[in-house]
Chemist: 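One structure is given below, represented as structure tokens, and several questions about it will come after.
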Protein chains: 4
Amino acid sequence: MVRGESAFPDDREQWIIDLLNRLEADDVRKTEKQIRIIEAAVEVFSEKGFAAASTSEIAQRAGVAEGTIFRHYKTKKDLLLSIAAPVAVKLFAPFLMRDFAKLLEMPYDRAEDLFRAILRDRLDFARKHKKLLRILVHEVPFQPELLAQVKDLFTHIVIARIEPLIRHFQERGALREMPTWRVIRATVSQFVGMVVFHVFLAPEFPFDEEEEIEQTVDILLHGIAGRPS
Amino acid sequence: MVRGESAFPDDREQWIIDLLNRLEADDVRKTEKQIRIIEAAVEVFSEKGFAAASTSEIAQRAGVAEGTIFRHYKTKKDLLLSIAAPVAVKLFAPFLMRDFAKLLEMPYDRAEDLFRAILRDRLDFARKHKKLLRILVHEVPFQPELLAQVKDLFTHIVIARIEPLIRHFQERGALREMPTWRVIRATVSQFVGMVVFHVFLAPEFPFDEEEEIEQTVDILLHGIAGRPS
Amino acid sequence: MVRGESAFPDDREQWIIDLLNRLEADDVRKTEKQIRIIEAAVEVFSEKGFAAASTSEIAQRAGVAEGTIFRHYKTKKDLLLSIAAPVAVKLFAPFLMRDFAKLLEMPYDRAEDLFRAILRDRLDFARKHKKLLRILVHEVPFQPELLAQVKDLFTHIVIARIEPLIRHFQERGALREMPTWRVIRATVSQFVGMVVFHVFLAPEFPFDEEEEIEQTVDILLHGIAGRPS
Amino acid sequence: MVRGESAFPDDREQWIIDLLNRLEADDVRKTEKQIRIIEAAVEVFSEKGFAAASTSEIAQRAGVAEGTIFRHYKTKKDLLLSIAAPVAVKLFAPFLMRDFAKLLEMPYDRAEDLFRAILRDRLDFARKHKKLLRILVHEVPFQPELLAQVKDLFTHIVIARIEPLIRHFQERGALREMPTWRVIRATVSQFVGMVVFHVFLAPEFPFDEEEEIEQTVDILLHGIAGRPS
DNA sequence: GATGAATGAGTTTTCATTCAT
DNA sequence: TATGAATGAAAACTCATTCAT
């Protein structure tokens, strides 16, 4: 399921490889009914929210008996976690590849390319997993397990990969001197804002994707102020 | 309750004045028990989410009988809307003042000041109404009434106030030429990102507020790229 | 509820007085529906056993909605314990009166009278609370809370009241020298056997109560062996 | 399975021989999985009671699939009866041997020996089949089939064997004149009390078995009253 | 206006039993 | 013969809402 979804497919760290392999193994092991249950649950959870979703509606939409759900998932919450937890991993996974380390050897002007690649990749991801992301975002504040996992993933990524990278770009003069957290926040804000707008708020809004990516990265890098001619 | 919360307190448009007056009138009319109910509901809704909150817990925390809640609010959803709808109004209210129109006469370099004033004002607002905003954000996607109201308010603001303002600044050369929606999105992203970070994600994170505001606006205007010396 | 049930009504120890008062207070506080629920629960539990009893049947027999049961008792188990725990107390209560201590001053031949009084009293009690005793006996092995309470009550009684009494009678020659536990076991066996027989196994079996009591005590004291003439 | 368990192994009445043979034949016919199912069922039934035991837990403990249980036993209740019914038979079996009839020719002083032999034998039996007896005792009141069988066995024994024996001993002066049912009740009470105490209530309680048996029989025969010296 | 007992429809969950493989 | 996924009826329990007091 990860294969082909990321722009950076190979050569990840061992633990993340294991984690992703396990997820893939889980996927393979699923019976047809189980898949239908998952699909129905994703539908209902994303439409009504976890608490307002009823297992009876999920069963109905999946075309299985209600008992069947509980044969595969001990509780309704289990069903949620088995859906939401993998999304969190996949959401952050591309930032954990070994390639990321190699970026340190990039020439100065590749910072822009990197930003574009990431933005393009995650925009695709969000489109492909729109409902799952809705569920993840909505339930993270109420499910301590999810919250912990997301925090954990984010921290690992930031400390291990992103901060060194930012400092590297700053040393080369590609990025302004400022606290790394501020760079991260500005970038994440801009990217999340762009993805949320096109995927969730105004999915019908027509736009040239490549131009949007370019412009968004340009705004991030150079701001919206008028440039003295 | 709006008075004093906004940096731009007086002289609004008529319809928004009426709306705010009505809200204020509602506030005044509240009995002590009703206030306790609202407070308890805000607590419980923000902790567990609307669907997972029980009216019995709200009654308990408010120190009233369960029946009392339904004497004041026909249904649980009514209680939610009576809490969440005003927040949406207050969230957008400051952008509807007449002062905003006057900004068009501002000198070029005041664009920065305006951004700073707005960011400071809304950061304060978010801190003061943290729980209410949590509720609003979580329930908007599931409550069509709320969604419609938020969309309505936002559209009114954008068309009536913000787009002209942006075009004004662009004409003066204070902002780069680009579609207004892109300016708006970039600004909102950056500001929301900053507020979410300091109010919701890392409220303990120590920071110099004025510097943060200045830096955030600076990044918005000039980007994070290194500047050729 | 204790008043009139015991042959030894007054002047108990403080803790048992408190406990019994609390039980009585609980009884008084009960609404009419609550009483109907308890009665129905006693019926159903004693007919089918706790695990096989359904709350819906209890509700039906009590003539209340199923939800009403759970308004008064958090869980089905709570309902069981609120029924069974008091029986355990009442079962042992009479052995805790202060009068019991006074028995030490009795003349030798009163041992028989004491045995007869106890047997008569507990036979009455068993008849009056037949169903409750069924429930208690059946559920004690499966409900750790009940088991603990019964053990606790029994131990207190034996150590504080019965062992000294037995030793007293042994010193006077009214009872043979043998370990106190063996005296207790023999007596309890004989009495329980008699009560179980007349109340539970063969309630229709006609008998002269006074004579039965006399004979049972006589067998306990002098055995069933033929007496050399 | 009966052979060697009773102190009186041979030479039973025809109908009970047939019954026991049939039970034994059933045992022999059992596959290894069936045996594991029975063992697991005994465990779970005795731990939780029949109604609270789940076939899935039994299957799990037996290491078989849930369906396998129902291949061998039509229903869960069938499984219970196939376990409990034989215990009832074995519990009463020894009283049905032909030897019992021969006891009528015993000399007077052998009454004590008989009591001792029976008590020793049934104490062993209870220890060996502790869990089965728990099940039997707990389920008899709720399973009409079991109740009928136990009553039937008991009646047969009493009428056919025990009453004549008691009358025989009474005629010889070995037992006091009193209604036979009272002799039986006194004996059963004392013996059951002793077995319950040592096997179920206080299995850790250390005791000299032969002395206990002797003392218990002595108490049954001569009572606990002090003997005038 | 306030109460809180009562409701009953709805929820999640369990479980004995069936049946295709 | 054995399996175990699937079932659906029933279980325990929840909860928004009503209403007599």
Side-chain angles (χ1 to χ4, degrees), chain A residues 30-34 36-37 51-59 62-79, chain B residues 31-34 36-37 50-60 62-80, chain C residues 30-34 36-37 51-59 62-79, chain D residues 31-34 36-37 50-60 62-80:
Chain A
K30 277 178 185 114
T31 67
E32 190 237 332
K33 297 220 172 195
Q34 209 169 344
R36 292 220 310 273
I37 289 168
S54 85
T55 51
S56 86
E57 182 173 358
I58 294 170
V64 302
E66 215 173 334
T68 308
I69 293 175
F70 291 93
R71 172 155 286 278
H72 293 289
Y73 305 91
K74 256 179 73 63
T75 64
K76 184 184 161 194
K77 195 174 171 180
D78 256 35
L79 176 56
Chain B
T31 67
E32 192 237 333
K33 295 215 175 205
Q34 212 168 340
R36 289 219 312 271
I37 289 168
F50 172 70
S54 84
T55 51
S56 88
E57 184 175 355
I58 294 170
Q60 216 173 336
V64 303
E66 279 205 66
T68 309
I69 292 176
F70 292 91
R71 188 147 289 282
H72 294 287
Y73 305 92
K74 252 179 72 67
T75 65
K76 183 185 163 193
K77 196 173 173 181
D78 259 32
L79 177 56
L80 171 68
Chain C
K30 278 180 185 113
T31 67
E32 191 239 332
K33 298 221 171 196
Q34 211 170 341
R36 291 220 310 271
I37 288 168
S54 86
T55 51
S56 87
E57 182 173 358
I58 294 170
V64 302
E66 212 172 337
T68 308
I69 293 175
F70 292 93
R71 173 154 286 277
H72 293 289
Y73 305 92
K74 255 179 72 63
T75 63
K76 184 184 161 194
K77 195 173 172 181
D78 257 35
L79 176 56
Chain D
T31 68
E32 192 236 333
K33 296 214 176 205
Q34 213 167 341
R36 290 219 310 272
I37 289 169
F50 173 70
S54 83
T55 51
S56 87
E57 184 174 357
I58 294 170
Q60 216 173 335
V64 303
E66 279 204 65
T68 308
I69 292 176
F70 292 91
R71 190 145 288 282
H72 293 287
Y73 305 92
K74 250 178 74 66
T75 65
K76 184 185 162 194
K77 197 172 170 181
D78 260 32
L79 177 56
L80 171 68

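Predicted, not measured: the structure shown is a model, and the values here were computed from it. Every chain is numbered from 1 and lettered A, B, ... according to where its sequence line falls, protein lines coming before strand lines.
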Chemist: Tabulate protein N/O versus nucleotide N/O from nucleotides 10-13 of chain E, keeping only pairs under 3.5 Å, one per line.
Modeler:
| unit_1 | atom_1 | unit_2 | atom_2 | d |
| --- | --- | --- | --- | --- |
| dT12(E) | OP1 | A53(A) | O | 3.0 |
| dT12(E) | OP1 | K76(A) | NZ | 2.9 |
| dT12(E) | OP2 | T55(A) | N | 2.8 |
| dT12(E) | OP2 | T55(A) | OG1 | 2.9 |
| dT13(E) | OP2 | K76(A) | N | 2.7 |

Chemist: Could you work out, with side-chain contact (heavy atoms from CB on, under 4.5 Å) as the rule, every residue matching A62(A), not counting sequence neighbours?
Modeler: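 Result, side-chain contact (heavy atoms from CB on, under 4.5 Å) vs A62(A): R36(A), I37(A), A40(A), V64(A).
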Chemist: State which residues pass salt bridge (Lys or Arg N to Asp or Glu O under 4.0 Å) with R71(D); sequence neighbours excluded, sorted by chain then number.
Modeler: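 With sequence neighbours excluded, R71(D) shows a salt bridge (Lys or Arg N to Asp or Glu O under 4.0 Å) to no residue whatsoever.
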Chemist: Five pairs at each end of the helix from dA2(E)-dT21(F) to dT21(E)-dA2(F): take the axis at both ends and give me the angle between them to 10°.
Modeler: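 End-to-end axis angle: 10°.
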Chemist: With rounding to the nearest 0.5 Å, note down the distance linking CD in Q60(D) to OG in S54(D).
Modeler: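 The CD atom of Q60(D) sits 8.0 Å away from the OG atom of S54(D).
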Chemist: Sequence neighbours excluded, which residues qualify as side chain to side chain donor-acceptor pair (under 3.5 Å) partners of T31(B)?
Modeler: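 Side chain to side chain donor-acceptor pair (under 3.5 Å) check on T31(B) returns nothing, list empty.
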Chemist: Out of curiosity, L79(A) CG to H72(A) NE2, how far, rounded to the nearest 0.5 Å?
Modeler: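 Interatomic distance, L79(A) CG to H72(A) NE2, rounded to 0.5 Å: 11.0 Å.
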Chemist: If you find the nucleotide of DNA chain F closest to H72(A) and the one closest to R71(C), which residue's nucleotide is nearer the 5' end?
Modeler: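 That would be H72(A).
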Chemist: Take atom NZ of K33(C) and atom C1' of dT7(E), then tell me their distance rounded to the nearest Å.
Modeler: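 Taking NZ of K33(C) and C1' of dT7(E), I get 9 Å after rounding.
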Chemist: Mapping I69(A) and A65(D) onto DNA chain F by nearest heavy atom, which one lands closer to the 5' end?
Modeler: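 Mapping each residue to its closest nucleotide by heavy atoms, the 5'-most match is A65(D).
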Chemist: Does A65(B) have any side-chain contact (heavy atoms from CB on, under 4.5 Å) partners at least two apart in sequence or in another chain, and if so, which?
Modeler: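 For A65(B) the side-chain contact (heavy atoms from CB on, under 4.5 Å) partners, ignoring immediate neighbours, are T68(B).
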Chemist: Return the value, rounded to whole Å, for the distance between atom CD of Q60(D) and atom P of dA16(E).
Modeler: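 The answer, rounded to whole Å, is 13 Å.
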Chemist: Taking 5' to 3' order, which nucleotide of DNA chain F is first and which is last to have an atom within less than 4.0 Å of a heavy atom in chain C?
Modeler: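 Listing 5' to 3', DNA chain F meets chain C from dA11(F) to dT14(F).
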Chemist: Could you tell me which residues satisfy side chain to side chain donor-acceptor pair (under 3.5 Å) with T55(D), sequence neighbours excluded, listed by chain and number?
Modeler: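 Side chain to side chain donor-acceptor pair (under 3.5 Å) check on T55(D) returns nothing, list empty.
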Chemist: Looking at every non-hydrogen atom in both residues, tell me the closest pair between K77(D) and F50(D) and how far apart they are.
Modeler: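 In this case the closest contact between K77(D) and F50(D) is CA-CZ, 3.7 Å.
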Chemist: In whole Å, I'd like the distance from the NZ atom of K30(C) to the C1' atom of dG4(E).
Modeler: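 So the two atoms are 19 Å apart, to the nearest Å.
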Chemist: What's the CD1-P distance between I37(D) and dA16(E), to the nearest Å?
Modeler: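 One finds 14 Å between P of dA16(E) and CD1 of I37(D), rounded.
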Chemist: Excluding sequence neighbours, so at least two apart, what forms side chain to side chain donor-acceptor pair (under 3.5 Å) with E57(C)?
Modeler: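 E57(C): side chain to side chain donor-acceptor pair (under 3.5 Å) contacts with K48(C), R61(C).
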Chemist: How far apart are the closest heavy atoms of A51(C) and K76(C), and which atoms are they?
Modeler: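 Smallest interatomic distance, heavy atoms only, reads O-NZ, 3.5 Å.
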Chemist: Could you work out, with side chain to side chain donor-acceptor pair (under 3.5 Å) as the rule, every residue matching T75(A), not counting sequence neighbours?
Modeler: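 Not a single residue meets the side chain to side chain donor-acceptor pair (under 3.5 Å) criterion with T75(A).
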